[in-house]
> 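Structure incoming, see below.
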There are 2 protein chains.
Amino acid sequence: MPHLRLALSQIDPYVGDIARNSDEVVRWTRHAAERGAHLVAFPEMALTGYPVEDLALRRSFVDASRAALGELAARLAAEGLGEVPVVVGYLGRSEHDSPRLGRPAGSPQNCAAVLHRGAVATRFAKHHLPNYGVFDEYRWFVPGDQLSVVRLHGTDVALAICEDIWQDGGRVAAAGEARAGLLLVVNGSPYEREKDDVRLELVRRRAAEAGCALAYLNMVGAQDELVFDGDSIVVDADGEVLARAPQFEEGCVLVDLELPAVREDAPAEGAVLADGLRLVRTDLGGEVLPAPEQPVVAGVAPRMGDEEEIYAALVAGTRAYVRKNGFRSVLIGLSGGIDSALVAAIAVDAVGAENVYGVSMPSAYSSEHSKGDAAELARRTGLNLRTVPIAPMFDAYMGQLGLTGLAEENLQSRLRGTLLMAVSNQEGHIVLAPGNKSELAVGYSTLYGDSVGAYGPIKDVYKTLIFRLARWRNKAAEERGETPPIPENSISKPPSAELRPGQVDTDSLPDYDLLDAVLQAYVENDQGRDAIVAAGFDPAVVDRVVRLVDTAEYKRRQYPPGPKISVKAFGRDRRLPITNRWRRG
Amino acid sequence: MPHLRLALSQIDPYVGDIARNSDEVVRWTRHAAERGAHLVAFPEMALTGYPVEDLALRRSFVDASRAALGELAARLAAEGLGEVPVVVGYLGRSEHDSPRLGRPAGSPQNCAAVLHRGAVATRFAKHHLPNYGVFDEYRWFVPGDQLSVVRLHGTDVALAICEDIWQDGGRVAAAGEARAGLLLVVNGSPYEREKDDVRLELVRRRAAEAGCALAYLNMVGAQDELVFDGDSIVVDADGEVLARAPQFEEGCVLVDLELPAVREDAPAEGAVLADGLRLVRTDLGGEVLPAPEQPVVAGVAPRMGDEEEIYAALVAGTRAYVRKNGFRSVLIGLSGGIDSALVAAIAVDAVGAENVYGVSMPSAYSSEHSKGDAAELARRTGLNLRTVPIAPMFDAYMGQLGLTGLAEENLQSRLRGTLLMAVSNQEGHIVLAPGNKSELAVGYSTLYGDSVGAYGPIKDVYKTLIFRLARWRNKAAEERGETPPIPENSISKPPSAELRPGQVDTDSLPDYDLLDAVLQAYVENDQGRDAIVAAGFDPAVVDRVVRLVDTAEYKRRQYPPGPKISVKAFGRDRRLPITNRWRRG
């Protein structure tokens, strides 16, 4: 059987930074070539970063991507890396009209190319375009209509991009019909909780359907609301896992594959395969190689547990947002409560304690323990803490306006928001917002108050999960012999906004266990009011929660972005009208 | 030639309020039937409102829409309106799998039905789905695959929905092949500046292509960022305009049509037409009618001028947002400048002066004329004005923090934002944000300061257009013998944020004429930096503007919604990453 050493480059491209991404492709190709790789792959749209959103509609950007692809091919050859074929995703243009979509030839496409010996040996575009959840790919792209196969060292490698294997038929079926020895899929597949299990099952099933080995390469890092968790996988035709990369870690997965020789019954170039895909075969040459005496052992990286994985995603999202936007330091309002404490712990892990600035902003309603818990958090993590009481500002407003009730409560929160923004403007830190998903869902937050910030690290995390993550993070520290970052009192005391005397969250909301269960049904599962009641929840609670969620839509629209960890995050994942008179969920 | 009296119901459906919308269909059907109509049409998704966005993905809502459709048919008959066929848009489900999109049978569809004699006589789904600009219809719907024709009073009426006539081929070509006598198109077509001209030209061209008369019905009102301007049109097969409805006005357009008799060479039921559309013909009966002795004269409503039309759109958007969300009154920070003055004038026209509350919030840097101009605005319009100086709050913050430069400037703006929100919370008014498109583009505003609000009436209006609208509104008042609302001084003085002594906008920005021209090229036309420079603009100015626009993306994400009037509004129309290292425009 022909041998192929495959290198999957699980890297972190930067959206819009084509020069940097090209450098990364060269750097990691050299890394792979030095280790004897015969084929090197990079993720979906690695050259431009992913997703580029409406940059895809800008001619200058598409032209730059296409030009950079040619330059990259030449540069790889010039640097002595021309012999190893490199698969790299980029933003290209369609060759034909797409009348069904009303798009002319030359429209943007989500492409990948194989670079070899200083030139673009072949190129193709994603066939299945996702247009659900966070994806709008029919907005940006027209689908590709061919199956590209590269013949290399005596075996046939079929190529596909991301969604191509999430839909039935298409390139998976076509790869089978083409009698490929390997199906290589390059991805920009965003993290979701427990998606690694789904992904493994999918990869195995598609390998069986294509009847060949399957290599699945995903990117790492984060881009705005999306986190990419890596988790690249190689399976053989029987679905046996040959290699699996670590989650959230940049690196190169090398794997030695013994693949079937080119099949005599493989269809001819130009054959029309499943879904109308036309077979385009490119012979890259290379003699048939024997299995190496010392095969590389990629190994199967251990899987993280649920809390560890989610926490890692929150850290990755926060780090990427801060760094890729050119900031070094972050600012957080510390109330002594669990939400801001968890955000602080995430921030410390993302950018280092020396770059995390906390402000305690007590009011007349702040308890002694709150101030103490904030100080204890700072002591445990080493972040920089200052205290600025809001009484003088509060008195100034009350003297002018004479506010009562909710207006008085919200005022305190907004005074803190204004204070944080002032310090941010003065000192150049980026503000992190401490809102969690339960609060965002029911609008239990103050617009322009506790919602201020450039990024909301826990906006997709329900309150019940906040508690689990805090306990997990402390336990992980203990196991490493470190100081647990989050004060026990922040975890164990009843949650309170402390905007009036003796206030606790359960004055206004159901217990979080109940609230989060109803929210899970309504938000994640898109169930209507009647279906949720039929599942056994108290109708009065369901009606109240549904009403709260619907009427808080205007607040969520003005909330900062934050890392998506659930199957349906607030943001692009869930697009509901603000003006909405539907009252039955 | 058979005669048909057609009624186009140019109404304002409410998103999610199926019961109210059903009542409206009954009410306007009665109106039309009393006037002898033979066919009554309602807009795209009139039963659910449009666009419903992700409500389309909620089973309970789709079921409610489908159930309401049947109930509506029965109710029309029960109320003696069963004999006149009624075309009504609703949210339905697909009958077949859509493998190319990976969607099973039963997936949501953008449908219309013909109700007749207590039942649904026929139903069909939109064939061309828009998935660009503000539209995400591949996210929500699967396309329909038939051409529905109703045979009525001896003529054939082909049916289509909105985008079906914006794309080449499809239902327009199929209607021609089916030899229809009339093509009736129901729409939810959002307002854009000068779109009425585009629309008329399109309607005429499509009538020629289909070889028959064409009736184009659009909705009025507004939904979140979209304004619907009505402008329903009927043309004969030669493109001659037979009727045209007023812009932005609810009403029923009645038109007497003399149409060709059913053609003997019309293809058989089930024939496959252009784009694979299958012909479904429904015979609704009705004898061939002679032309009436006294035909109705629908007439052609006069077109508004550019400023009048835009201003009407801003008023419609603001009124709909306030009222449909259950508010009565609005609150505006009045600086004495032209932006807040124009917003106040719009608000007064939208909800009445007695429901408009203004707050003047002078600081030490506010000029005397600013305070005077705010008072003069209140005097001219009759809105409710109060004055609350921000000095005490400013001093309280400065005493605690010692801010300088930009931090000190932004503080003043945020103190005003907090003050407005406090009054809003205390008194129940909705806050309107006064930001214009030029400011939003370059980030010349303070997040959580002058950007606070539930709705931004002029967020899609460039500063140069603000001046034109203000002058137009004053002139229109003069022509009606009313007091011009906007003080001349607010229009003529140099724009200034008044956040430091002697500050004017041109300290930080190019002249607005130049700035807006560059923004038009970069935002509306999606031109890259090099193309804009090649068009003759100063490279240094272009580089600076492009950089400002790109780095202000995070601010725009947190800005409230406002009415879209341009071809590309900030919001769903323009989806760019925040984290974006592309620096060449």
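Chain A is the first sequence line, chain B the second, and so forth, proteins listed ahead of strands; every chain is numbered from 1.
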> With respect to chain A, which residue among B:R414, B:R575, B:Q558 yields the maximal number of heavy-atom pairs within a distance under 4.5 Å?
B:R575
> So, A:D136 and B:Y132: side-chain donor and acceptor under 3.5 Å apart, yes or no?
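Per modelled atom types, A:D136 and B:Y132 side chains form no pair under 3.5 Å.
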> Which bit of A:P561 comes within less than 4.5 Å of chain B, counting heavy atoms only: side chain, backbone, both or neither?
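It is the side chain, since no backbone atom gets that close.
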> Which one of A:D168, A:L415, A:T48 has the most heavy-atom pairs closer than 4.5 Å to chain B?
A:L415
> Side chain, backbone, both or neither: which part of A:R556 has an atom under 4.5 Å from a heavy atom of chain B?
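A:R556 has no heavy atom closer than 4.5 Å to chain B.
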> Considering only heavy atoms and a distance below 4.5 Å, find which of B:H127, B:E427, B:R583 pairs most often with chain A.
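Most pairs with chain A among the choices: B:H127.
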> Pick whichever of A:L401, A:N425, A:T579 has the most heavy-atom pairs under 4.5 Å with chain B.
A:T579
> Is there a side-chain contact between A:N410 and A:Y448, using heavy atoms and a 4.5 Å cut-off?
no
> Side-chain donor-acceptor pair under 3.5 Å between B:R581 and A:N325, yes or no?
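Note: B:R581 and A:N325 side chains miss the donor-acceptor criterion.
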> Under a 4.5 Å heavy-atom cut-off, does chain B meet the side chain of A:D224, its backbone, both or neither?
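It is both, since atoms from each part get that close.
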> Tell me, for A:L129 versus chain B, whether the close heavy atoms (under 4.5 Å) come from the side chain, the backbone, both or neither.
neither
> Using distance alone, with no hydrogens and no angle criterion, decide if B:W582 and B:D550 have a side-chain donor and acceptor under 3.5 Å apart.
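B:W582 vs B:D550: no donor-acceptor pair found between side chains.
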> For the pair A:D17 and A:K324, find out whether any cationic side-chain nitrogen is under 4.0 Å from an anionic carboxylate oxygen.
no
> Of the listed residues (B:L57, B:T404, B:L406, B:V388), which shares the most heavy-atom pairs with chain A below a 4.5 Å separation?
B:T404
> Heavy atoms only, distances under 4.5 angstrom: which of B:P130, B:P389, B:S451 has the most pairs with chain A? Name it, please.
B:P389
> Counting heavy-atom pairs under 4.5 Å with chain B, which one of A:S424, A:A407, A:A531 comes out on top?
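Looking at each option in turn, the highest pair count goes to A:A407.
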> Regarding A:Y559 and B:R557, do their side chains bring together a donor and an acceptor under 3.5 Å, going by distance alone?
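Per modelled atom types, A:Y559 and B:R557 side chains form no pair under 3.5 Å.
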> Hey, which of B:G133, B:P51, B:A56, B:P143 has the most heavy atom pairs under 4.5 Å with chain A?
B:G133
> Does any backbone or side-chain atom of A:Q167 lie under 4.5 Å from a heavy atom of chain B? Answer side chain, backbone, both or neither.
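A:Q167 touches chain B through side-chain heavy atoms alone.
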> Contact part of A:D573 toward chain B, heavy-atom cut-off under 4.5 Å: side chain, backbone, both or neither?
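A:D573 touches chain B through backbone heavy atoms alone.
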> Run B:R574 and B:L576 through side chain to side chain contact (heavy atoms under 4.5 Å, CB included) and show every step you take.
CA-CA 6 Å; B:R574 187 175 188 270; B:L576 284 166; 3.2 Å; yes
> Closer than 4.0 angstrom, basic N to acidic O: yes or no for A:D526 and A:K568?
yes
> Can you say whether the rings of B:Y455 and B:Y321 are parallel (under 30°), tilted (30 to 60°) or perpendicular (over 60°)?
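Rings of B:Y455 and B:Y321: parallel, under 30°.
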> Let me know which of A:V62, A:L47, A:D63 forms a side chain to side chain contact (heavy atoms under 4.5 Å, CB included) with A:L91.
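That would be A:V62.
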> If you count heavy-atom pairs under 4.5 Å between each of A:G453, A:G326, A:G399, A:A320 and chain B, which one has the most?
A:G453
> Counting heavy-atom pairs under 4.5 Å to chain B, which of A:L411, A:L55, A:D395 comes out on top?
A:L55
> What part of A:Y554 is in contact with chain B, defined as an atom under 4.5 angstrom from a non-hydrogen atom: side chain, backbone, both or neither?
side chain
